[in-house]
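Here's the structure we're looking at; comments come further down.
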Amino acid sequence: MKYISTRGNAPAKTFTEILLGGLAPDGGLYLPETYPQVTRAELDAWRALSYADLAYAVLSKFATDIPAADLKAIISKTYTAEVYCNGRADSDATQITPLRTLEPGVHILELSNGPTLAFKDMAMQLLGNLFEYALAKDHAELNILGATSGDTGSAAEYAMRGKKGIRVFMLSPNGKMSAFQRAQMYSLQDPNIFNIAINGMFDDAQDLVKAVSNDHAYKAAHKIGTVNSINWGRVSAQIVYYFKGYFAATQSNDEQVAFSVPSGNFGNICAGHIARMMGLPIGQLILATNENDVLDEFFRTGIYRPRGTKHTYQTSSPSMDISKASNFERFVFDLVGRDGAQVREFWAKVDAGAASDEAAFDIKGTAYWNELPKFDFASGKSLHFDRLKTIRELWQEYGVMIDPHTADGLKVGLEQRRPGLPLICLETALPAKFEETLVEALGRTPERPAALEGIEALPQHVEVMDADVVKLKAFISANT
Ligand SMILES: *Cc1c(COP(=O)(O)O)cnc(C)c1O
């Protein structure tokens with residue numbers, strides 16, 4: 001299996017070759033040359049597999065250049081009940097991603113039982129083990145540079161801490177994450193972990209990562225890699241739980257389901273899109289945004305109009321406070337029939353307008369607008385008020401506590417799903433990560449895993465910096 005760039009101007013590469021890198025040299029994102037297809041016989045056989053065996057079945061179609069025995073060992077070591085048992089006491093850890101049924105046809109797929117209590121652990125723990133494997137093979141080193149709006153950073157740090165040959169430089173928007181999220185990241189004292197709080201929003205931090213990654217000489221000299229959501233290894237690992245959730249919610253492979261996905265960078269739902277392209281019977285993919293509704297606007301109007309920092313709002317579902325959805329380009333590549341020149345043209349428009357806050361392209365009135373329904377996405381947005389209301393209703397009706405992001409997903413999912421389709425809402429974090437909002441909604445604090453009691457009081461380890469690429473490079477150079 002080879003991987004090609006969404007901008008059509010980069011040489012094809014293998015899974016291992018793109019594993020440690022970020023953007024393709026032409027500025028695009030990597031995708032498989034063609035999506036592997038899952039036969040009906042495979043689907044039938046996969047239905048009974050454990051999470052780890054299912055992950056191997058799916059990922060061996062993508063990581064074709066890793067010897068089978070090695071890939072199997074890496075996956076078995078990753079998806080264990082020990083790693084994914086941090087969540088609620090009643091969740092069945094051996095399932096890794098247990099399905100919680102609220103009522104017939106309405107389910108929540110638990111993805112947040114890993115060490116940092118968010119779905120990012122599903123992919124990041126695998127990435128940590130894949131990186132260690134690849135680096136050990138070449139006796140190489142890697143400096144991971146990433147940007148986080150909250151959950152990616154801690155997931156990456158917990159996956160990479162103490163790993164040989166790896167350093168992590170993680171940028172986060174200064175003061176914009178919850179107290180718990182800050183404590184989770186900044187309290188790590190491992191010498192290979194560097195926290196950098198940027199004076200700005202998440203998008204400013206992400207722009208800095210892009211700026212460093214686009215300086216090819218610096219990137220090569222300092223062995224810079226990335227773990228943000230454009231990393232193909234992460235997207236591929238996320239495909240697995242769409243299969244797992246589908247099997248758990250259905251009796252046979254003749255049925256269809258709808259997934260609703262709380263979205264920011266379009267990474268999670270992109271994995272769902274790919275699962276469907278592989279042949280998983282997903283009827284509908286429902287994209288939920290918060291007040292930052294760039295993606296909802298696209299699916300409703302055909303206009304993709306990323307906002308600048310000034311119009312990116314700080315909300316009570318902060319991990320979705322994103323207005324440039326980096327993985328969205330992967331979907332658009334498929335939408336335009338994999339025409340790299342067309343993708344280049346669209347993103348030239350986005351980049352040209354970035355400074356004036358008028359970056360946009362519009363597919364309404366083009367043939368692509370008529371193609372869009374074939375991909376069967378629905379979308380909607382959920383505001384602070386909706387979030388609180390949904391959290392309260394779930395608690396009152398089912399005695400279930402959900403986090404603000406999952407509440408956004410459930411609200412929009414219930415609104416948008418087609419009658420008759422079972423709805424699987426992806427749980428993207430545990431409520432314990434967002435205490436303040438839970439208290440506002442319910443007047444009580446959510447349960448927290450014992451290991452994380454009192455982490456806000458631990459000493460914190462963070463460098464505060466302006467959004468300045470020169471300063472960032474100097475800091476990395478000084479610490480490598
Ligand atoms: C990262 C994250 C999201 C958004 O996921 P994307 O892959 O960026 O679309 C939603 N909710 C939570 C809790 C997250 O951590």
Side-chain angles (χ1 to χ4, degrees), residues 29 87 108-124 146-158 172-173 176-178 180-181 184-185 202-203 205-206 227-239 241-242 259-274 285-296 298-299 306 312 315-331 377 379 381-382 387 391 402-413 425-434 437-438 446:
L29 283 73
I108 290 178
L109 185 63
E110 294 186 18
L111 302 177
S112 311
N113 296 322
T116 72
L117 317 188
F119 87 99
K120 304 280 195 313
D121 291 324
M122 293 306 305
M124 207 64 88
T148 184
S149 59
D151 299 318
T152 309
S154 53
E157 292 182 356
Y158 281 76
S172 51
K176 304 291 195 296
M177 300 187 299
S178 77
F180 179 84
Q181 286 179 313
Q184 257 189 324
M185 288 178 59
F202 167 76
D203 293 315
Q206 183 162 261
V227 291
N228 61 27
S229 74
I230 61 168
N231 181 287
W232 169 253
R234 282 184 61 188
V235 176
S236 66
Q238 291 171 349
I239 295 169
Y241 53 70
Y242 282 89
F259 280 97
S260 73
V261 188
S263 294
N265 252 324
F266 205 82
N268 200 357
I269 201 165
C270 184
H273 160 68
I274 294 169
L285 281 168
I286 302 170
L287 180 144
T289 70
N290 64 15
E291 288 83 344
N292 297 292
D293 61 352
V294 174
L295 291 169
D296 178 41
F298 173 80
F299 284 101
T312 305
T315 76
S316 49
S317 45
S319 302
M320 293 155 61
D321 292 349
I322 289 167
S323 54
K324 280 179 221 159
S326 44
N327 273 291
F328 183 58
E329 184 170 332
R330 287 193 159 109
F331 171 69
F377 276 79
S379 75
K381 71 171 159 178
S382 164
R387 211 165 286 140
I391 292 171
I402 55 172
D403 96 290
H405 307 78
T406 309
D408 289 335
L410 197 62
K411 186 254 179 190
V412 174
C425 175
L426 300 190
E427 173 208 73
T428 55
L430 288 193
K433 287 197 99 160
F434 303 97
T437 303
L438 268 289

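The chain is numbered in sequence order, starting from 1. In listed order, ligands and their atoms are each counted from 1.
- Under the 30°/60° scheme for interplanar angles, the aromatic rings of Phe299 and Phe266 are found to lie parallel.
- Residues Lys433 and Ser112 are not in side-chain contact: their nearest non-hydrogen atoms beyond the backbone lie 4.5 Å or more apart.
- Considering all non-hydrogen atoms of both residues, Pro404 and Leu438 come closest at CD-CD2, 4.0 Å.
- Remark: ligand 1 and Thr152 share no N or O pair separated by less than 3.5 Å (distance only, no angle test).
- Atom 8 (O) of ligand 1 has its closest protein heavy atom at Asn265 N, 2.7 Å.
- When only non-hydrogen protein atoms are considered, atom 13 (C) of ligand 1 lies nearest to Asp151 OD2, 3.1 Å.
- Here is the list of ligand 1 atoms found below 4.0 Å of a heavy atom in Ala429: 13 (C).
- In this pair, His273 and Phe377 present their aromatic rings tilted. The plane angle is within the 30 to 60° band.
- The N/O atoms of Asp403, backbone and side chain alike, include none that comes under 3.5 Å of an N/O atom in ligand 1.
- The Gly267 neighbourhood of ligand 1 comprises atoms 6 (P), 7 (O), 9 (O), with distances under 4.0 Å to a heavy atom of that residue.
- For Phe434 and His405, the ring centers are positioned less than 6.0 Å apart.
- For Asn265 (side chain) and Asn327 (main-chain N/O), no donor-acceptor pair under 3.5 Å exists by modelled atom type.
- Looking from atom 7 (O) of ligand 1 to the surrounding protein, the closest heavy atom is Asn268 N, 2.8 Å.
- Considering backbone and side-chain atoms together, Phe266 places an N or O closer than 3.5 Å to an N or O of ligand 1.
- With ligand atoms numbered from 1 in the order given, ligand 1 contributes 1 (C), 2 (C), 3 (C), 14 (C), 15 (O) to contacts under 4.0 Å with heavy atoms of Lys120.
- For a threshold of 3.5 Å applied to N or O pairs, the pair formed by Thr428 and ligand 1 contains at least one separation below that value.
- Here the closest heavy-atom approach between residue Ser317 and residue Asp408 is recorded as OG-OD2, 2.7 Å.
- Residue, atom and distance of the protein heavy atom nearest to atom 5 (O) of ligand 1 are Phe119 CZ, 3.7 Å.
- At least one side-chain heavy atom of Met124 sits under 4.5 Å from a side-chain heavy atom of Arg234.
- Of the protein's heavy atoms, Gly264 N, 2.8 Å lies nearest to atom 9 (O) of ligand 1.
- Nearest heavy atom pair, residue Tyr242 against residue Asn268, reads OH-O, 2.8 Å.
- The shortest N or O to N or O distance between Met320 and ligand 1 is not under 3.5 Å.
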